[in-house]
2 protein chains.
Amino acid sequence: MQARYLTIKDFVTDQIERGIWEPSEKIYSENELAVKFSVSRMTARKAIDSLCSEGVLVRSQGLGTFVADLRPMSSLLEIRNIADEIASRGHQYSGQVIDVRSVIPDKSLARLLDVPVDSAVYHSCLVHRENDIAVQYEDRYINPKFAPDYLQQNFLDQTPNAYLSKVAPLTEADHVVEAVLPDDNIVSALNSNFPCLKITRRTWCKRGIVSVAYLYHPGDKYRLGGHLTF
Amino acid sequence: MQARYLTIKDFVTDQIERGIWEPSEKIYSENELAVKFSVSRMTARKAIDSLCSEGVLVRSQGLGTFVADLRPMSSLLEIRNIADEIASRGHQYSGQVIDVRSVIPDKSLARLLDVPVDSAVYHSCLVHRENDIAVQYEDRYINPKFAPDYLQQNFLDQTPNAYLSKVAPLTEADHVVEAVLPDDNIVSALNSNFPCLKITRRTWCKRGIVSVAYLYHPGDKYRLGGHLTF
DNA sequence: CAGTGGTCTAGACCACTGG
DNA sequence: CAGTGGTCTAGACCACTGG
């Protein structure tokens, strides 16, 4: 015998999968669900709680419960500001700005950023250090539309990631993780010729693709931890 | 005025951060928390619910609530069966079994697997191929308690991951992703001396740690995709 | 204003674990 | 067996939203 809140959860999931409730559409209220399934409101709430924490539903006090807009494709990688991550380990963060300017993207980058081929985009290149040891080489391209003042920022005060999170709040991201041999620029910037863990990350705000970042981590000094519960 | 369950949540988080409650240690029961904070059990539960879904606590019916063993450093990675993943790309999967036998783990592996130092564990070593090109070297150690018939399986029919999912359903996992240079065994098995993406993955079933797997992917042939929504 | 979700109570019965 | 977490009830009052 299945728990009642699971029955409700299945029902809601089913409605969404069948397309009866579409993204951003309002679903039944907690009271309606409680009446429909003859349970207490707390039980109906529990089903919704669970779907909210899975990112399937979104609640809004006074308004109702809605089907979430953007569906996660598959796997999840949390995005943390590297300065915070280093600080949370009790270590000292320092940054070094290598380059900040406007560039014309090549075809493939323009496509990745979803901008016209001949229009300028912003570019920044930094090295992030933990206790003075380089742990990340960050090569990033930004769609100017979402961060027009990007070139005027001081990225020693605030990482590009932190700044972009403020002006164009993240709604979505995707990642590719690879092992690569670093090229000469990266070897000298990181002061290591170890194989690198390369993360290619695209970030979205509500209105489009904000930036594409190539993040290189010396394989001997950086680990990308993960944890997952089913 | 803060909600009462948040006060309890702060208290628990604080205890853990101060090291008063250590990983895998039992925390106060729901009833004890309810009494201590003069709230109903449902409210104490809500605080714990929230910390469980964040991966900070783990509950076990009949036993209690415990501080999670491995703290998620940051990110989440979905676990897919490599044979399915290859098939889903429309490519041909083939496996090669290099070694399947019982071994005595060293201290560090015994600790990772949560078994006594001198007790045998199972070991398997395979190479996975996509259209006859090696894409993963899988070096895996298994707690025999959860898969006693492991050594009798034919891993050409069914990957270790698929078999374990059946006999000891996954409830949890953690990952470390690194870039490394492959050693000689791996170079010859993968037929490539490219830097490797190494994933160290531990998997749990309800009753404990099932296996520790070291997965090596040639950096030029494998990508670990990810996608995320906020 | 009526309706929504957010929090909370003081009970209840259950399944599960260890001793 | 006593203790644990898992589910559930039938109420309550609150803050917030729109009309």
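We name chains A, B, ... by the order of the sequence lines, and we start the count at 1 in each one. Basis for what follows: all heavy atoms, side chains included, without hydrogens, waters or symmetry-related copies.
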A.B. asks: Among all residues two or more places apart in sequence or in another chain, which pass the side chain to side chain contact (heavy atoms under 4.5 Å, CB included) test with A:K36?
C.D. replies: A:F11, A:Y28
A.B. asks: A:S29: which residues meet the side chain to side chain contact (heavy atoms under 4.5 Å, CB included) condition with it, sequence neighbours left out?
C.D. replies: A:N31, A:E32
A.B. asks: For B:D14, what residues pass the salt bridge (charged side-chain N to carboxylate O under 4.0 Å, His left out) criterion, not counting sequence neighbours?
C.D. replies: B:R18
A.B. asks: Summarise how protein sits on nucleotides 4-11 of chain C as a single string, 5' to 3': B when a protein heavy atom is under 4.0 Å from the base, S for sugar-phosphate-only contact, - for no contact.
C.D. replies: BBBBBBB-
A.B. asks: Among all residues two or more places apart in sequence or in another chain, which pass the side chain to side chain contact (heavy atoms under 4.5 Å, CB included) test with A:V35?
C.D. replies: none
A.B. asks: Sequence neighbours left out, what passes side chain to side chain donor-acceptor pair (under 3.5 Å) with A:K9? Give chain and number order.
C.D. replies: A:S50, A:E54
A.B. asks: Who passes side chain to side chain donor-acceptor pair (under 3.5 Å) against A:K166, sequence neighbours left out?
C.D. replies: A:Q158
A.B. asks: Under a 3.5 Å cutoff on both atom distances, Watson-Crick or G-U, what's the dot-bracket for DNA chain D ([ ] crossing, | other strand)?
C.D. replies: |.||||||||||||||.|.
A.B. asks: Tell me, please, which residues at least two apart from A:D149 pass side chain to side chain contact (heavy atoms under 4.5 Å, CB included).
C.D. replies: A:Q152, A:Q153, A:Y163
